[in-house]
Amino acid sequence: MPDHLFDMHPYMPHGQCYLWQNDLLLLHVVSDTLIVLSYYSIPFALVYILKKRQDIPFSWIYWLFGLFIFLCGTTHLLSIWNVWVPDYWLSGFVKLATAISSITTAALVWPLVPKILAIPSQAQLVAANSALAREIENHKRTEQELRKLTLAMQYSSSMVIVTDAQTRIEYCNPAFFQITGYSADEVLGQRANLLKSDLTADETYKGLWATLLSGSAWHGEFLNRKKNGELFWCLESIAPILDESNSISHFVSIIHDISDRKDTEEIIRHMAYYDPLTDLANRSLFNERLEQAIHQAKRNPQIFALFYLDLDRFKNINDTLGHLVGDKLLIEVGRRISACLREQETVARLGGDEFALIGLNLTSPADAGEIAQRVINTVNEPFFIDDHQLFVSTSLGISVYPQDATTSEQLLKHADDALYLAKQHGRNTFEFYNASANAQSLRRLNIENHLRHGLARNEFSLAYQPQVDLASGRIIGAEALLRWMPAIGPIGPDEFIPIAENSGLIVEIGEWVMRTACRDFMAAPLHERKLLLAINLSARQFKKTTLVDSVRGILAETGFPAERLELEITESMLVEHFEKTVKQMQELKNLGIRLAIDDFGTGFSSLSYLKRFPMDTLKIDKSFVADIYDNQNDACIVRSIIGLGHGLNLKVQAEGVETAQQLELLQLHQCDRGQGYFFHKPLPIDEFRRLFV
Ligand SMILES: Nc1nc2c(ncn2[C@@H]2O[C@H](COP(=O)(O)O[C@H]3[C@@H](O)[C@H](n4cnc5c(=O)[nH]c(N)nc54)O[C@@H]3COP(=O)(O)O)[C@@H](O)[C@H]2O)c(=O)[nH]1
């Protein structure tokens with residue numbers, strides 16, 4: 001060591017300055033002693049802490065710091081020591097050791113600062129602790145929720161399936177095993193399509209996958225199959241579960257067994273689409289099937305036919321044998337008609353005795369004719385119902401797609417027009433629609449429209465056809481016959497009366513006829529002649545419960561004597577409305593009115609009915625009279641009717657007498673009265689009056 005740097009000679013050694021200053025010595029010794037004691041206590045405290053808290057991070061720095069403090073204390077201890085023992089080398093070395101330890105500590109403590117600062121503070125630890133506590137609480141709550149959801153799945157009556165992204169089953173709830181009959185071993189790891197029945201449309205699966213792969217949930221219905229092969233309807237909700245990277249990791253399906261609901265739906269559907277009596281399709285289903293047939297025929301050009309049919313005079317059966325027999329007959333007719341068509345074709349009951357059929361895939365319209373004939377033949381076979389043997393006939397109208405129409409409304413309307421034609425052509429037959437039938441139906445509609453205004457426009461008049469007493473040749477009365485002169489040109493009663501009957505207008509028109517005829521006959525010169533007045537009544541008028549009141553009212557209003565009024569009723573009307581008709585007739589008879597059966601021989605001809613009606617006159621239909629001279633059968637029929645009428649104490653009147661020979665024969669068989677062109681055509685009132693002037 002260079003002496004000039006540490007030359008101590010000019011200075012007094014440390015210790016000697018205290019020799020002559022006792023107080024200073026005391027101050028230094030006491031202070032150094034206190035410093036030493038407190039310096040030494042620090043390493044001890046640190047050692048104690050490190051022993052107790054061995055987890056303290058960076059403990060070596062505490063050891064280093066402790067050593068440095070200890071050396072500092074030792075330096076002060078040596079300061080006291082040097083007062084009396086000038087061992088400055090020792091003090092120098094201790095200071096050197098202190099310097100080394102302090103430099104080392106200082107050098108090592110600075111890099112440690114950021115690391116120590118990174119150690120959380122107490123406050124931070126408290127905050128982290130409470131955050132952790134909250135986290136734990138949330139976790140517990142989530143666990144509880146999960147437990148609840150798991151329990152819900154366990155006890156749910158709906159099936160729950162969880163699959164992986166490849167649709168391999170990972171979880172099924174107990175309801176799944178219970179409903180499908182599978183066990184866990186049989187399904188876990190299997191593809192979810194093990195329930196597939198192959199009866200669900202491919203479009204459904206396509207839609208399902210498109211929805212799921214787009215990340216959305218799919219809802220829909222499947223017809224699935226259980227382990228035992230039984231089919232069951234499922235309402236499913238399937239949702240994809242996405243992972244953190246937004247890829248599908250799982251699928252979860254909730255499945256409800258809706259077979260019961262489907263059964264109920266099926267019952268409701270059946271009620272909505274099937275006729276409860278015959279179990280045939282009803283009008284709604286028929287319309288749907290017709291639309292389907294049109295749709296298919298448009299895509300795949302083909303011919304099909306629509307048949308419209310009803311039973312001829314079905315009402316007779318209902319009225320005479322009761323509705324129960326009528327219903328059983330309809331059921332049986334439905335069965336027979338169905339047997340005439342193929343499985344995929346439609347037979348519907350549209351109401352009452354009306355049926356409609358669709359005959360598909362025809363090679364030509366003639367096929368439709370064959371089907372219609374089969375239907376007629378099968379219906380013509382006798383029916384045995386409740387000890388009754390019934391003979392029934394049917395009439396059919398046919399429209400063919402596409403030649404007659406291409407819309408359901410038009411096809412139905414044209415078949416209906418054709419049916420009308422079949423009825424007009426004598427029943428028990430079929431007719432194809434044709435344009436003229438269409439024109440006829442349009443004409444019918446036009447006539448009906450004009451008829452509605454006929455009375456208001458004063459377009460009606462009456463013609464009177466004289467009725468002659470065949471023994472004396474005297475005119476004893478006349479039949480009032482309605483004439484109509486509308487703006488569209490004259491229309492005969494044969495055409496407009498059925499339309500007036502169908503539309504119900506005949507009731508009002510009939511009253512006008514009776515009132516006008518009674519007035520005409522009350523005026524001179526007819527009144528004095530005490531002529532009989534014959535008036536036709538239609539079935540529709542008879543159905544009206546007000547008929548008797550109306551007749552009574554007209555007689556009272558016009559003063560025409562009841563005993564000179566003869567109301568003509570056709571034979572078929574008597575049979576169709578038997579009970580009601582007898583009652584009405586009896587009430588009319590009670591007024592004193594005469595009753596005649598018109599067109600006798602053309603209707604039902606049940607003699608047992610005849611004796612129950614309170615009749616006065618039988619009118620032999622002109623069709624028998626026409627050939628009475630040339631046709632033995634007709635002559636025989638006329639003779640029999642005259643005999644029958646007289647046997648029942650009735651007056652017999654022949655209609656349509658046109659020749660002297662006919663008259664001669666009728667007189668020969670003692671027919672009471674005659675009416676026909678041979679005597680007079682129906683005459684306008686003025687001409688008729690002139691006969692008596
Ligand atoms: N409910 C009502 N029906 C009525 C009424 N007025 C007429 N009618 C019915 O309309 C049908 C057709 O009647 P019409 O064209 O008047 O024909 C009558 C006679 O003109 C015709 N007749 C009479 N004599 C002859 C003859 O010698 N030859 C021949 N070819 N025809 C003849 O017969 C019709 C009378 O028939 P009927 O009633 O059966 O006695 C007809 O059914 C009328 O009943 C009405 O007001 N209400």
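Starting from 1, each residue takes its place in the sequence as its number. Bear in mind the structure is a predicted one, so any value in this text is a computation, not a measurement. We count ligands from 1, going down the list as the structure has it; atoms in each ligand are counted the same way.
Classified by interplanar angle (parallel below 30°, tilted 30° to 60°, perpendicular above 60°), the ring pair W512/F460 is tilted.
The distance from ligand 1 to the heavy atoms of G656 drops below 4.0 Å at these ligand atoms: 25 (C), 26 (C), 27 (O). Proximity to D598 (heavy-atom distance under 4.0 Å) selects the following atoms of ligand 1: 37 (P), 38 (O), 39 (O), 40 (O). Contact atoms of ligand 1 toward E658: 26 (C), 27 (O), 28 (N), 29 (C), 30 (N) (distance under 4.0 Å to a heavy atom of the residue). Set against the non-hydrogen atoms of D599, the atoms of ligand 1 under 4.0 Å away are 39 (O). Contact atoms of ligand 1 toward V513: 46 (O) (distance under 4.0 Å to a heavy atom of the residue). Interface of G676 with ligand 1, defined as ligand atoms under 4.0 Å from a residue heavy atom, comprises 24 (N), 27 (O). Near K619, meaning under 4.0 Å from any of its heavy atoms, are these atoms of ligand 1: 40 (O). Near V657, meaning under 4.0 Å from one of its heavy atoms, ligand 1 places the atoms 27 (O).
For the pair D494 and ligand 1, the shortest N or O to N or O distance does not fall below 3.5 Å. Considering backbone and side-chain atoms alike, F678 places every N or O at 3.5 Å or more from each N or O of ligand 1. Between Q541 and ligand 1, no pair of N/O atoms sits closer than 3.5 Å. For ligand 1, none of its N or O atoms has an N or O atom of E501 under 3.5 Å away.
The protein heavy atom nearest to atom 16 (O) of ligand 1 is R483 NH1, 2.8 Å. Among all protein heavy atoms, the one lying closest to atom 15 (O) of ligand 1 is P493 CG, 3.3 Å. Among all non-hydrogen protein atoms, the one lying nearest atom 4 (C) of ligand 1 is I497 CD1, 3.4 Å. Remark: minimum distance from atom 33 (O) of ligand 1 to any protein heavy atom is reached at K622 NZ, 3.0 Å.
Aromatic pair F521/Y464: ring centres closer than 6.0 Å.
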Audit row: H680, L691, side chain to side chain contact (heavy atoms under 4.5 Å, CB included) steps and yes/no: CA-CA 10 Å; H680 293 282; L691 296 177; 3.6 Å; yes
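T617 pairs with exactly one of E566, E568, K651 by the side chain to side chain donor-acceptor pair (under 3.5 Å) rule, that one being E566.
Using a 4.0 Å cut-off between charged side-chain N and carboxylate O, R349 and E354 make no salt bridge.
Contacts between L481 and ligand 1, counted as non-hydrogen atom pairs separated by less than 4.0 Å, involve both the backbone and the side chain. At a 4.0 Å heavy-atom cut-off, ligand 1 does not touch K681 at all. Contacts with ligand 1 closer than 4.0 Å are made by heavy atoms of both the backbone and the side chain of N536.
The option from F460, W484, W512, Y677 that lies nearest to atom 32 (C) of ligand 1, judged by heavy atoms, is Y677.
The two residues T394 and D310 have their closest heavy-atom pair at OG1-O, 2.8 Å. Of all heavy-atom pairs spanning Q653 and G674, the tightest one is CG-N, 4.3 Å.
The presence of a protein heavy atom under 4.0 Å from atom 42 (O) of ligand 1 is ruled out. Put simply, atom 13 (O) of ligand 1 has protein non-hydrogen atoms near it, under 4.0 Å away.
For the residue pair S393/D312, the side-chain donor-acceptor check at 3.5 Å is satisfied.
Look at G510 and you'll find every heavy atom at least 4.0 Å from all atoms of ligand 1.
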